[in-house]
Amino acid sequence: MLMMDQLTHRGLAKLAEKYGGLLHLKMGFGHTVAVSSPDMAREVLQVKDNIFSNRPATIAISYLTYDCQDMAFANYGPFWRQMRKLCVMKLFSRKRAESWDSVRDEVDSMIKIVADSAGSPVNLGKLVFGLTHDIIYRAAFGSISHEGKEEFIGILQEYTKLFGAFNLADFIPWLGFIDPAGLNTRLPKARASLDGFIDKIIDEHLKKEKKAGDDADNDMVDEMLAFYGEDGKINEGEDLQNVIRLTRNNIKAIIMDVMFGGTETVASAIEWALAELMHTPESLKRVQQELADVVGLDRRVEESDFEKLTYFKCVIKETLRLHPPIPLLLHQSSEATEVAGYHIPKGTRVMINAYAVNRDKSAWKDPHTFNPSRFLEAGAPDFKGSNYEFIPFGSGRRSCPGMQLGLYALEMAVAHLLHSFTWQLPDGMKPSEIDMTDVFGLTAPKAIRLVAVPTSRLLCPLY
Ligand code: HEM
């Protein structure tokens, strides 16, 4: 218990250097195992994927997800399977134009903001966190006016704090009365705020009359309301319309999954990509030269250019390797099993350290150096889930269902910021002086926001 402050992605990576890729920690009454090497990650995420596909839920997570009525925290089983199908086929599907449109529109708005600030320092970190909140808020609720967004972000921030707060009762249940963080009062208050906020949105959507052919404008709440039923039911079967009935709690919990899955992850990756490029000016020069050669300076970059932007794609991969937005993947064993000859009891909490795996020194040359060119080599690993030395989106059953949407937003934002502007550090700061530390939470964003001065680079108007 006295090692709690070492149980971050960095602390566990350090412990793994001493004790190896699989280490056991006994905390209170629970067993925890940390996985830090590609071989061990393969054992857990591929060989024993069926056993390690549950999620550990703390008291706060269970309470805030209405007893795991969502997808991200539901245990593996028929309920999770149908919820995941709903997410993949309906909510995150490329066919649902609203989400992808919201990425394009919000990136456009961001470029306008930056263009208007040309010549002055821009807090890029703050800007891109605002961008991803706007994208996901609009994809979920369809409200272009952003009305109520600030209130909702306040609720999200309290949820993030509550998810991450240390609670002794998670380890020693009968010590729940020792509550220094005030969780026993903060949890009901936070959930009541969310109830008030989303119930209102659901009611508005229920009242809204839909005209035939409106489907292309459906937001995520519309999509889920097509499966709405007061009593709720989830059965096995192929035809989702017949087997799924979602309650309000399901809808609220899934909205929170999307908010947590899709905002900080993408924002921290955008900020890290820009920070790493500014930290290594030769890479920044090379990627901007590629954009100038492939796209030209007389127009803005478009999605159709991406496949020709080979080095740019390597920059995105190298960023996700060094800074996997979710550094620790949390799984739990559903039965007793063995990994590499070691006994793992049923119910063991398993932390797969994507940060340590992506920097494993037997898999990567100079693992801590930002070197996008490593991905130009033939046979370089990809992040689709079958190379266990590179797992920014996880792998197997619980891997990220929002990968396509997340990558789209990440690539659009970084490509536009790099192609449209030249970036300089403020007040004569040197690249080596950029603070490259991170903070540990559900994600691992930059500890100190990146600030840089833009100047327009294009010969055409930006908007
Ligand atoms: C760069 C962007 C993103 C990265 C790097 C990322 C990464 C991940 C990772 C590592 C996991 C956990 C895998 C595991 O436990 O083994 C995950 C799960 C998840 N992600 Fe993403 N994600 C991104 C974007 C998104 C977006 C845009 C959404 C939705 C709009 C999303 C929704 C989810 C959900 C719902 C889960 C839980 C899946 C489950 O438990 O079955 N993610 N993501």
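If you read the sequence from its start, that first residue is 1, and numbering goes on from there. For ligands, and for the atoms within them, numbers begin at 1 and follow the listed sequence.
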Item to complete: Using the six-membered ring of Y311, assess whether NZ or CZ of R286 lies under 6.0 Å from its centre and within 45 degrees of the ring axis.
Response: yes
Response to the item:
When distances are taken from atom 16 (O) of ligand 1, the protein heavy atom at minimum range is H331 NE2, 2.8 Å
Discussion item. To check your reading of the model: name the closest protein heavy atom to atom 7 (C) of ligand 1, its residue, and the distance in Å.
Written reply: P392 O, 3.4 Å
Item to complete: Report the C-alpha separation of N250 and Y228 in whole Å, then their side-chain angles, then the decisive distance to 0.1 Å, and conclude whether the side chain to side chain donor-acceptor pair (under 3.5 Å) test is met.
Response: CA-CA 9 Å; N250 289 134; Y228 180 56; over 6 Å; no
Practice prompt. Can you establish whether the number of heavy atoms outside F166 located under 6.0 Å from its atom CZ is more than 12?
Written response: yes
Fill in: Element-labelled atoms of ligand 1 that are located less than 4.0 Å from some non-hydrogen atom of F92
29 (C), 30 (C)
Worksheet entry | Polar atom proximity, W80 to ligand 1 (N or O, under 3.5 Å) | yes
Worksheet item: Are side-chain heavy atoms of L309 and L291 found at a separation under 4.5 Å?
Response: yes
Response to the item:
Taken by chain and residue number, the protein N/O/S atoms under 2.8 Å from atom 21 (Fe) of ligand 1 read C400 SG
Worksheet entry | Protein heavy-atom partner closest to atom 35 (C) of ligand 1 - residue, atom, separation in Å | M71 CE, 3.8 Å
Worksheet item: Do the charged groups of R138 and D105 touch, with an N to O distance under 4.0 Å?
Response: yes
Response to the item:
min-distance protein heavy atom vs atom 37 (C) of ligand 1 -> A72 CB, 3.7 Å
Item to complete: Find all atoms of ligand 1 within a distance of less than 4.0 Å from any non-hydrogen atom belonging to P325, and give their numbers and elements.
Response: 5 (C)
Worksheet item: Does NZ or CZ of R191 lie under 6.0 Å from the centre of the six-membered ring of Y63, at an angle within 45° of the ring axis?
Response: yes
Worksheet entry | Residue pairs fulfilling side-chain hydrogen bond (donor to acceptor under 3.5 Å, both in side chains) with at least one residue in residues 326-341, sequence neighbours excluded | K48-T337
Item to complete: Answer yes or no: is there a side-chain heavy-atom contact under 4.5 Å between W100 and Y408?
Response: yes
Discussion item. With heavy-atom distances below 4.0 Å as the criterion, list the atoms of ligand 1 near V258.
Written reply: 30 (C)
Discussion item. Looking at Y76, I'd like to know if the NZ or CZ of R81 sits under 6.0 Å from its six-membered ring centre while staying within 45 degrees of the ring's axis.
Written reply: yes
Response to the item:
min-distance protein heavy atom vs atom 13 (C) of ligand 1 -> R398 O, 3.1 Å
Worksheet item: Would you say R84 and ligand 1 have an N/O pair spaced under 3.5 Å apart?
Response: yes
Item to complete: Please report the shortest heavy-atom distance between Q288 and W423, naming the atom on each side.
Response: NE2-CD1, 4.5 Å
Worksheet item: For atom 40 (O) of ligand 1, what's the nearest protein heavy atom and its distance?
Response: R55 NH2, 2.8 Å
Practice prompt. Establish, for the pair R359 and W364, whether the NZ or CZ atom is under 6.0 angstrom from the six-membered ring centre and no further than 45 degrees off its axis.
Written response: no
